Amino acid sequence: MTEPQILYKSLHPSLYTLADDGRSLNFHFARCSHCGGLSFPANAPGCMHCGAVIEEADKLLLPGEGTLLECVTLHVALVPGMPTPSIAGDILLAEGVVEEGVIAVSDESVLKPGMRLKAVAEMEPGEGVYACRFVPMQEEVSQ
Ligand SMILES: [Zn+2]
């Protein structure tokens, strides 16, 4: 018994791709052959750390996860169709690599700077694509 499989496409194929578990996202990074630093996205014009040409860098697919630096609740849609309120955060993906992401929680009070987040796919069936959302890594929260 197999369910009919719908093939979703990444909304931003150069940034992320669906992991084997069908929910998590892997991010495309480049590791600089000059300084060893990670850059994101992998198609950046140059190394984010030393400026070396990124085409000579190793391309890496790494689990999409990071550390929350700060977040803010948005009450105005930044793009058409964006649900409000929604929570945007600055997320440290790797040393020196900070990206802004949408965090899929109902209330920002559950979020604390320094907590680990992971990227998951949010399927948009009407569009046939998946977008990137961050959720807390609950299994690592120990109180
Ligand atoms: Zn470099």
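Note that the coordinates shown come from a computational prediction; the quantities given were computed from them, not determined experimentally. Just follow the structure's listing: the first ligand is 1, and inside any ligand the first atom is 1. Positions are given from 1, in the same order as the sequence printed here.
- Sparse packing is recorded around CG of Asp20, with 12 or fewer heavy atoms of other residues, nucleotides or ligands lying under 6.0 Å away.
- The backbone N or O of Arg133 sits nowhere less than 3.5 Å from a side-chain atom of Glu122 that would complete a donor-acceptor pair.
- Nearest heavy-atom pair, Met115 versus Pro136, reported as atom, atom and distance to 0.1 Å: CE-CB, 3.8 Å.
- His34 lies apart from the Zn ion (ligand 1) in this respect, since none of its N, O or S atoms is found at a distance under 2.8 Å.
- Vertex the Zn ion (ligand 1), arms ending at SG of Cys47 and SG of Cys50: the angle is 110° after rounding to 10 degrees.
- Among the atoms of Cys32, an N, O or S atom falls under 2.8 Å of the Zn ion (ligand 1).
- Counting non-hydrogen atoms of neighbouring residues, nucleotides and ligands closer than 6.0 angstrom, the NZ atom of Lys59 exceeds 12 such neighbours.
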